[in-house]
Amino acid sequence: MGNLAIIFSILLLAIYCVACNALDQAFLECLREKAAGNGKILEDVYAPNSQRYLSLVELSQKNPRWLNSTSQLPLLIVTPQEEIEIGNVIVCSKNVGLEIRVKSGGHDYEGLSFRTQNGNPFVMIDLRNLNATEINLEEESVWIQTGVMLGQLYYEIAQRSNVHAFPGGLYPGVGSGGHISGGGFGTLLRKYGLAADNVLDARIVDVNGRILDRKAMGEDLFWALRGGGGASFGVILAWKLQLVRVPEQITVFSFRRRLEPRNFYLLQRWQNIAHQYNNDIFLRVLIQNLGTNAPGDEKVVQMTFNGQFLGTPDELVPLLNESFPEFGFEAKDCFKEPVEKNNTNCPDKPCIKKECFQVSWIRSVFYFSGRNMTGPLEIMLDPKGRRVQYSKGKSDYVKTPIPEKGWEIVQKFFLKEQLPMMILDPYGGRVSEIAEDESPFPHRKGNLFNIQYLNYWLDNSESEANGKLRWINNLYTQMEPFVANSPRTSYINYKDLDLGTNDKDYSYSNAKVWGEKYFKGNFERLARVKGKVDPGNFFKNEQSIPVLLYGHKNA
Ligand SMILES: Cc1cc2nc3c(=O)[nH]c(=O)nc-3n(C[C@H](O)[C@H](O)[C@H](O)COP(=O)(O)OP(=O)(O)OC[C@H]3O[C@@H](n4cnc5c(N)ncnc54)[C@H](O)[C@@H]3O)c2cc1C
Ligand SMILES: *[C@@H]1O[C@H](CO)[C@@H](O)[C@H](O)[C@H]1NC(C)=O
Ligand SMILES: *[C@@H]1O[C@H](CO)[C@@H](O)[C@H](O)[C@H]1NC(C)=O
Ligand SMILES: *[C@@H]1O[C@H](CO)[C@@H](O)[C@H](O)[C@H]1NC(C)=O
Ligand SMILES: *[C@@H]1O[C@H](CO)[C@@H](O)[C@H](O)[C@H]1NC(C)=O
Ligand SMILES: *[C@@H]1O[C@H](CO)[C@@H](O)[C@H](O)[C@H]1NC(C)=O
């Protein structure tokens, strides 16, 4: 019996590997044919036994949770140098029966740009070399290829103008491919909406390997790419983006208090005010546990009110003094140039610090991403600079202020955990003026703020990881009475496979459960666009949009 089992598994392994070899040989053969003449792509294909493969897998993981022996990683990695090569990769993968995954910045919360959990072999397309940008200041627009990360985009804008910006996310290493196709928001969302709300045109490679711009792809597909998640529809090569105007100098600031019952009133006030402020103010709240968990160390849950104002400290002070007079902000508190920021960990307890800086927009990006504000601008081009940590995220939207009872639960959970974080991002303003069906992103009017729950860990042993996941799941469960429901909604860019997956069932009815949490009423239209542009469901992943064919009733 034992022997038989061993022989059987050896046999299985052999068959599996023969199949693998056959697959990559067939794939390479096909590429060779397609690339007839230049054959350049062949230099940029990496198999698991190459050094480059390993470094590309490692570099792609911003969250190394899945970098372990049981993970299903790519059969091959390709790093195209030219857009035209991607069509060949798509067609050849399809022809030989391989799936593909596309990586821009690699920040996917579930690692779906470089791993699968469905067991099928796949080719990973790493877009790192496609990083051209072309700014047109007269038109106030920019074309970027999707290998460009947000930091590079912001850097290039700042090189050309000190009164232009782009309303995207906070972190320089986040890729434009995933971020913009999932919506994308940052400190300018109340003034200018989402990154996806500022897309003017796009170039995509479709399932037949054709390159299409907005005109060629048509308005349905162009609609789907602006919030529906790019991975379901093709490979997005480039975006044309609207630049937006900002003052030469803006103001960034923070003030802090402990999260404890006597301070809950500040959150009650924030919940009522932040979404209604004039659109030049963005004021978010971060909740963190600053305790070290060392024996005898006092645990402190801290809330940081963290803001940006598109104007001068002189204009900001009366506004802040009206809504948060207890912090006594004065214009003279504000540094008039970037200065090296003190440790924001606020080691003295209780934390009553405040800080304020008058800076250019690009320096505000440094501030919000925790970078050294006096360091060289080139820091924006370096996607590294974060410590290696494992993480899990989840999200909610809030439509009516959370009562004090809800904050008591949050405080209780945070006191029990080591490195958790909650980010409350205010909506209202431009992001909420746009109609719910104008793009796939439906979290518009009526949403006061977005909640992101995060938990981090440094040791990825199974027991440690499970404990961390249990903590965030329990918190998420307990928050249910206080957040948007029917459906309880989530943000696709904070991808969460706990909401459901396609792993075993790619049907519309199965996907609808999680799909309507991300997209509400727009989910059906996304599935119909999918049915039109990729009826064979080649571009699929654990949470890709399912196919709904025209003429079919929704299931
Ligand atoms: C540290 C950190 C900070 C973040 N900050 C913010 C923030 O401030 N605001 C915000 O809104 N979000 C934020 N996010 C979430 C972020 O927007 C999403 O994780 C986003 O999907 C990442 O895009 P990416 O290109 O880096 O990721 P990837 O992992 O490369 O891609 C994400 C998904 O998009 C697909 N994809 C990528 N490129 C393409 C392409 N060219 N064509 C088709 N499909 C493609 C991938 O296959 C994958 O399914 C943050 C995430 C992290 C980890
Ligand atoms: C290893 O990766 C797999 C998925 O590829 C994941 O399910 C598992 O949790 C990971 N192991 C650990 C200890 O994180
Ligand atoms: C763009 O890609 C090229 C080729 O991979 C690389 O040499 C260059 O450093 C990249 N530029 C930036 C700003 O990342
Ligand atoms: C803040 O407002 C109070 C009362 O409205 C006023 O007395 C005070 O001078 C203001 N402070 C600043 C810095 O504007
Ligand atoms: C940092 O702290 C020092 C000493 O407390 C103080 O003098 C300095 O002004 C602070 N700098 C900033 C940017 O807050
Ligand atoms: C910040 O940058 C400045 C200028 O490059 C440098 O002198 C300083 O040491 C840096 N600070 C930190 C904490 O890295």
Side-chain angles (χ1 to χ4, degrees), residues 44 60-63 79-81 86 100-116 122 124-133 144-153 155-156 167-187 189 194-196 202-205 225 227-239 284 338-343 365-366 368-383 385-386 389 391 393 395 423 425 441 450 452 454 491-495 539-544:
D44 301 326
S60 66
Q61 325 234 352
K62 304 301 155 187
N63 178 0
T79 56
Q81 304 279 351
I86 293 179
I100 65 160
R101 292 291 153 115
V102 186
K103 195 219 96 183
S104 169
H107 279 69
D108 192 90
Y109 275 35
E110 298 283 3
L112 300 188
S113 45
F114 52 81
R115 67 152 195 141
T116 66
F122 69 99
M124 170 179 148
I125 302 175
D126 187 326
L127 298 168
R128 61 176 44 247
N129 296 323
L130 299 177
N131 64 5
T133 62
I144 57 170
Q145 288 182 301
T146 48
V148 169
M149 290 177 266
L150 297 181
Q152 188 192 344
L153 169 61
Y155 172 86
E156 308 271 1
L170 274 47
Y171 291 89
V174 168
S176 57
H179 183 71
I180 299 178
S181 64
F185 60 81
T187 58
L189 96 163
L194 307 174
R203 255 194 330 272
I204 185 170
V205 194
L225 297 181
S232 302
F233 302 99
V235 177
I236 301 159
L237 297 172
W239 302 107
R284 66 173 184 163
V339 288
E340 204 173 319
K341 209 150 78 68
N342 284 336
N343 181 8
V365 180
F366 278 66
F368 278 94
S369 59
R371 300 298 197 274
N372 179 356
M373 279 206 290
T374 57
L377 287 188
E378 283 66 29
I379 288 176
M380 286 288 116
L381 300 176
D382 181 6
R386 300 186 71 242
Q389 50 196 1
S391 67
S395 62
I423 304 176
D425 277 318
F441 181 95
N450 173 269
Q452 182 175 193
L454 288 159
Y491 173 37
I492 179 77
N493 267 346
Y494 302 151
K495 200 170 287 159
F539 296 111
K540 58 177 173 294
N541 64 50
E542 287 70 10
Q543 273 186 353
S544 57

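No experiment lies behind these values; they were computed from the predicted model shown. One-based numbering, in listed order, for ligands and for the atoms of each.
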**Prompt:** Short list, please: which atoms of ligand 1 are under 4.0 Å from a heavy atom of Leu127?
**Reply:** 41 (N)
**Asked** Which is closest to atom 3 (C) of ligand 3 in terms of heavy atoms, Leu381, Asn131, Asp382?
**Response** Asn131
**Asked** Applying a 4.0 Å heavy-atom criterion (strictly less than), which segment of Asn372 is in contact with ligand 6: side chain, backbone, both, or neither?
**Response** side chain
**Request:** Check each heavy atom of Leu237 against ligand 1 and say whether those closer than 4.0 Å belong to the side chain, the backbone, both or neither.
**Result:** neither
**Message:** Below 4.0 Å from ligand 1: does a non-hydrogen atom of Gly106 turn up there or not?
**Reply:** yes
**Request:** Specify side chain, backbone, both or neither for Asp108, according to which of its non-hydrogen atoms lie closer than 4.0 Å to ligand 1.
**Result:** both
**Prompt:** Is the shortest distance from a heavy atom of Gly182 to ligand 1 less than 4.0 Å?
**Reply:** no
**Message:** Suppose I only count heavy atoms of Gly105 and a 4.0 Å limit; which atoms of ligand 1 are within that range?
**Reply:** 24 (P), 25 (O), 26 (O), 30 (O)
**Message:** Closer than 4.0 Å to some heavy atom of Gln152 - which atoms of ligand 3 meet that?
**Reply:** 13 (C)
**Item:** N or O pair under 3.5 Å between Phe185 and ligand 1
**Value:** yes
**Request:** Go through ligand 1 atom by atom and flag the ones less than 4.0 Å from a non-hydrogen atom of Tyr171.
**Result:** 3 (C), 4 (C), 5 (N)
**Message:** Would Leu112 count as being in polar contact with ligand 1, using the rule that some N or O on each side must be under 3.5 angstrom apart?
**Reply:** no
**Prompt:** If we only count heavy atoms from C-beta on, is the Ser176 to Thr146 side-chain gap below 4.5 Å?
**Reply:** yes
**Message:** If we only consider heavy atoms of Arg101, is any one of them less than 4.0 Å away from an atom in ligand 1?
**Reply:** no
**Prompt:** Hey, is the main chain of Gly151 close enough, under 3.5 Å, to the side chain of Tyr171 for a donor-acceptor pair?
**Reply:** no
**Message:** When you compare ligand 1 with Ser181, is there at least one nitrogen or oxygen pair between them that comes in under 3.5 angstrom?
**Reply:** no
**Prompt:** Does the protein put a heavy atom less than 4.0 Å from atom 9 (O) of ligand 3?
**Reply:** no
**Asked** Counting distance only, does the side-chain N/O of Arg371 pair as donor-acceptor with the main-chain N or O of Ser369 below 3.5 Å?
**Response** yes
**Message:** Please classify the Tyr491 to ligand 1 contact at 4.0 Å (heavy-atom distances, strictly less than): side chain, backbone, both or neither.
**Reply:** side chain
**Request:** Assess whether side chain to side chain contact (heavy atoms under 4.5 Å, CB included) is satisfied between Ile86 and Leu127, documenting all intermediate values.
**Result:** CA-CA 10 Å; Ile86 293 179; Leu127 298 168; 3.8 Å; yes
**Item:** Sub-3.5 Å N/O-N/O distance, Ser176 and ligand 1
**Value:** no
**Prompt:** Just distances here: any N/O of Gly173 and N/O of ligand 1 closer than 3.5 Å?
**Reply:** no
**Item:** Atoms in ligand 1 with a heavy atom of Lys103 nearer than 4.0 Å
**Value:** 30 (O)
**Request:** Give a yes or no on whether a salt bridge exists between Arg101 and Glu542, defined as a side-chain N under 4.0 angstrom from a carboxylate O.
**Result:** yes
**For ligand 1, the portion of Met149 having any non-hydrogen atom under 4.0 Å away** = neither
**Message:** Need the ligand 1 atom indices (1-based, order shown) with element for anything under 4.0 Å from a heavy-atom of Gly184.
**Reply:** 11 (O)
**Asked** What residue and atom, counting heavy atoms only, is the protein's closest point to atom 5 (O) of ligand 3, and at what distance?
**Response** Asn129 OD1, 2.5 Å
**Proximal atoms of ligand 1 relative to Gly169 (non-hydrogen, under 4.0 Å)** = 7 (C), 8 (O), 9 (N)
**Complete:** Nearest heavy atom to atom 31 (O) of ligand 1, choosing from Gly178, Gly183, Ala238, belongs to Gly178
